[in-house]
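Structure first, commentary second.
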Amino acid sequence: METILVTGGAGFIGSHVCETLINLGHKVICVDNFNDYYDPNIKHKNISNLVSSLNQSNFVLYEKDIRDKEALLEIFEKERPNKVIHLAAMAGVRNSLNHPELYFDVNVMGTLKLLELCKKFNIKQFVFGSSSSVYGDNLSLPLREDLLTNPMNPYALTKQVGEELCKLFSSNSGMNIVCLRFFTVYGPRGRPDMAIPNFTKAIIQNKELTLFDAGALTRDFTYVIDTVNGIIASLNLNHKFEIINIGNGNNIPVKQIITLIEENTSNKANIINEPRKPGEVMHTKADISKASALLNYVPAVSIEEGINNFVNWYSDVVENEENKDSEENN
Ligand SMILES: NC(=O)c1ccc[n+]([C@@H]2O[C@H](COP(=O)([O-])OP(=O)(O)OC[C@H]3O[C@@H](n4cnc5c(N)ncnc54)[C@H](O)[C@@H]3O)[C@@H](O)[C@H]2O)c1
């Protein structure tokens, strides 16, 4: 059993990571500040089964900010983690255009403070949640880790600086550091600001949805359990420093996602077309040969299966709860 500290552990990807680590028999120290970028109640629900489970002693929750050095110091002193998975961040490309200072404060300064503590406490393995957005609009698809990066928005730039900080600390400490570039992750508990949850909600509730560039943008949509498997595998990679894509390797037009949601809900989308927003990348598609070679990473969930799982989860959990809430308020 290892003691693994997960920052951002109550978020979308983080809550799945915590759950998987507990199921594998590890002790998880979850640090999350439950900020209100989206409804914090969603984050409490994400981890409610862990907080209340019989395995409670294996799951310790700290509602703390990664920028609060003293609080983090106390946590490290008390819990003595041996590995760290760093997922806490201000996510969301569009929001970063309006709040660049906040994004730099959390994603860059927060990461720096955490790395300093990890160095001080002789952490052996550090996994950093980076993003495919660092590639920007790159004409050479699939995107390989050795391509020149081209961040097109503050969020992407903070992730690139985060990777550079990781590289520096891997060279001046005993840490192995793996930066994982995640590609558009979706699945149960999906972040409500992202396209698939937004589209699903609008289609189920017969509301309008906004589609950019007539749905011609393409994304490498990756099912969250595949992403989590990549994260878990990287905990045992005994290399000083690596940057590795964690995607599906596909290249799905956003329009096709809408068609799949329509098929799974038997509803028609009510589409408002708009041009692409500044800072938005046109296409992503991961080259996953490095992940396959170093982590034995093989994405297992097709987009058809993943959307089906997501829509089922959304209808069961989110829609049912919203209906219950509105009945209780009547
Ligand atoms: N979801 C994706 O498609 C995607 C793609 C690329 C990279 N990523 C990265 O993966 C990580 C997880 O993303 P997610 O989609 O689960 O987002 P999320 O917003 O659901 O999770 C991030 C969590 O971090 C917490 N957090 C934010 N600032 C914090 C702070 N200062 N101190 C402590 N906790 C803080 C939030 O409360 C949240 O629970 C992020 O680093 C994100 O940038 C996600």
Side-chain angles (χ1 to χ4, degrees), residues 5-19 29-47 61-69 71-72 75 84-93 95-96 99 102-114 117 127-135 143 151 153-163 166 179-198 219-228 230-231 234 243-248 281 284 286 306 310:
L5 187 142
V6 182
T7 71
F12 163 40
I13 301 173
S15 62
H16 285 280
V17 167
C18 291
E19 199 168 80
I29 314 302
C30 171
V31 178
D32 200 300
N33 70 347
F34 294 84
N35 69 24
D36 63 357
Y37 172 55
Y38 62 87
D39 183 356
N41 286 322
I42 296 177
K43 301 175 190 182
H44 284 288
K45 280 185 194 141
N46 285 346
I47 53 163
L61 172 64
Y62 288 94
E63 189 162 343
K64 295 288 176 198
D65 194 303
I66 53 161
R67 292 166 293 173
D68 182 346
K69 252 186 136 167
L72 267 275
I75 296 171
V84 171
I85 299 174
H86 177 34
L87 301 173
M90 286 303 301
V93 164
N95 192 47
S96 77
H99 305 283
L102 173 63
Y103 277 68
F104 271 80
D105 197 33
V106 175
N107 299 2
V108 176
M109 289 311 293
T111 300
L112 174 59
K113 287 174 182 173
L114 183 66
L117 267 180
V127 179
F128 174 59
S130 187
S131 164
S132 62
S133 64
V134 299
Y135 291 111
L143 298 163
N153 51 67
Y155 168 73
L157 186 54
T158 64
K159 288 294 175 181
Q160 176 161 331
V161 178
E163 290 183 354
C166 287
C179 298
L180 299 176
R181 290 181 178 162
F182 303 143
F183 284 68
T184 321
V185 188
Y186 74 101
R189 304 186 202 136
R191 249 176 41 222
D193 62 314
M194 292 184 73
I196 291 178
N198 258 316
R219 288 289 178 273
D220 187 332
F221 289 98
T222 313
Y223 194 69
V224 64
I225 299 306
D226 287 329
T227 308
V228 170
I231 295 171
S234 68
I243 293 177
I244 305 175
N245 289 337
I246 298 293
N248 181 287
V281 171
T284 67
F310 177 75

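Sequence positions, counted from 1, serve as the residue numbers for this chain. Whatever order the structure lists them in is the order used to number ligands and atoms, beginning at 1. The figures here come from the full heavy-atom set of this structure, side chains too, leaving out hydrogens, waters and symmetry mates.
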Spacing of OG belonging to S130 relative to CD belonging to Q160, to within rounding of 0.5 Å: 8.5 Å
With nothing but distance in play, are any N or O atoms of N33 less than 3.5 Å from an N or O of ligand 1? yes
4.0 Å heavy-atom contact, R189 with ligand 1: no
Any nitrogen or oxygen of R191, main chain or side chain, under 3.5 Å from a nitrogen or oxygen of ligand 1? yes
With heavy atoms only and a cut-off of under 4.0 Å, state how S133 meets ligand 1: side chain, backbone, both or neither. neither
Taking distance alone, with N or O pairs closer than 3.5 Å, would you say F182 contacts ligand 1? no
Quick one: sort the Y135 and F183 rings into parallel, tilted or perpendicular, breaks at 30° and 60°. tilted
Please identify which atoms of ligand 1 are closer than 4.0 Å to at least one heavy atom of G129. 41 (O)
So, 4.0 Å and heavy atoms of V106: is ligand 1 close enough to count as a contact? yes
So which heavy atom in the protein is nearest atom 3 (O) of ligand 1, and how far is it from that ligand atom? V185 N, 2.8 Å
Quick one: does Y38 get a heavy atom under 4.0 Å from ligand 1? yes
Among all protein heavy atoms, pick out the one at the shortest distance from atom 21 (O) of ligand 1; state its residue, atom name and that distance to 0.1 Å. G11 CA, 3.5 Å
So how far is it from S96 OG to F104 CZ, rounded to the nearest 0.5 Å? 9.0 Å
Using a strict 4.0 Å cut-off to heavy atoms of F34, name the atoms of ligand 1 that fall inside it. 37 (O)
Looking only at protein heavy atoms, which one is nearest to atom 37 (O) of ligand 1, and how far off is it? D32 OD1, 2.6 Å
Let me see the working for Y103 and N95 under side chain to side chain contact (heavy atoms under 4.5 Å, CB included), right down to the final yes or no. CA-CA 9 Å; Y103 277 68; N95 192 47; 3.0 Å; yes
I'd like to check whether S132 has a polar contact with ligand 1, where a contact means an N/O of the residue lying under 3.5 Å from an N/O of the ligand. no
The reported gap from NE2 in H16 to CG in L87 (rounded to nearest 0.5 angstrom) is 12.0 Å
Report yes or no: is the cationic atom of K43 (NZ for Lys, CZ for Arg) closer than 6.0 Å to the six-membered ring centre of Y38, at no more than 45° off its axis? yes
Can you list the ligand 1 atoms lying under 4.0 Å from a non-hydrogen atom of N35? 27 (C), 28 (N), 37 (O)
Report yes if some N/O of I66 lies less than 3.5 Å from some N/O of ligand 1; otherwise report no. yes
So for ligand 1, is I13 a polar contact partner (N or O within less than 3.5 Å, distance only)? yes
Just do the side chain to side chain contact (heavy atoms under 4.5 Å, CB included) check on E163 and R181 with the steps written out, would you? CA-CA 10 Å; E163 290 183 354; R181 290 181 178 162; 2.8 Å; yes
Scan side-chain atoms only and decide if Y155 and N107 contain a donor-acceptor pair under the 3.5 Å cut-off. no
From I13 atom CD1 to T222 atom OG1, the distance as rounded to the nearest 0.5 Å: 9.0 Å
For the residue pair G247 and D220, what are the closest heavy atoms and their distance? C-OD1, 4.0 Å
Among the heavy atoms of Y155, does any lie under 4.0 Å from an atom of ligand 1? yes
Just to confirm my output: which protein heavy-atom neighbour is closest to atom 31 (N) of ligand 1, and how far is it? D65 OD1, 3.0 Å
Between CG of N153 and OG1 of T158, what distance do you get to the nearest 0.5 Å? 8.5 Å
Are any of the heavy atoms in H86 under 4.0 Å away from ligand 1? no
Looking only at heavy atoms of R181, does any of them come nearer than 4.0 Å to an atom of ligand 1? no
Can you find an N or O of L87 that's nearer than 3.5 Å to an N or O of ligand 1? yes
Mark up the atoms of ligand 1 that fall under 4.0 Å of a heavy atom belonging to G8, in ascending order. 23 (C), 24 (O), 25 (C)
Has ligand 1 got any nitrogen or oxygen that is less than 3.5 angstrom from a nitrogen or oxygen of A91? no
If we only consider heavy atoms of S130, is any one of them less than 4.0 Å away from an atom in ligand 1? yes
If you count the atoms of ligand 1 from 1 in the order shown, which ones are under 4.0 Å from a heavy atom of T184? 3 (O)
Do you know which two heavy atoms are closest between A88 and H86, and how far apart they sit? O-CE1, 3.3 Å
Check the pair I246, I231 against side chain to side chain contact (heavy atoms under 4.5 Å, CB included), reporting the backbone distance first and the verdict last. CA-CA 8 Å; I246 298 293; I231 295 171; over 6 Å; no
Go through the steps to decide whether L180 and S234 satisfy the test side chain to side chain contact (heavy atoms under 4.5 Å, CB included), and finish with yes or no. CA-CA 9 Å; L180 299 176; S234 68; 3.6 Å; yes
Quick one: which ligand 1 atoms are inside 4.0 Å of a heavy atom on K64? 32 (N), 33 (C)
Could you tell me which non-hydrogen atom of G92 sits nearest to which non-hydrogen atom of D193, and how far apart they are? CA-OD2, 4.1 Å
May I ask you to check if ligand 1 and F12 share an N or O to N or O distance below 3.5 Å? yes
Are any non-hydrogen side-chain atoms of D105 and M90 less than 4.5 angstrom apart? no
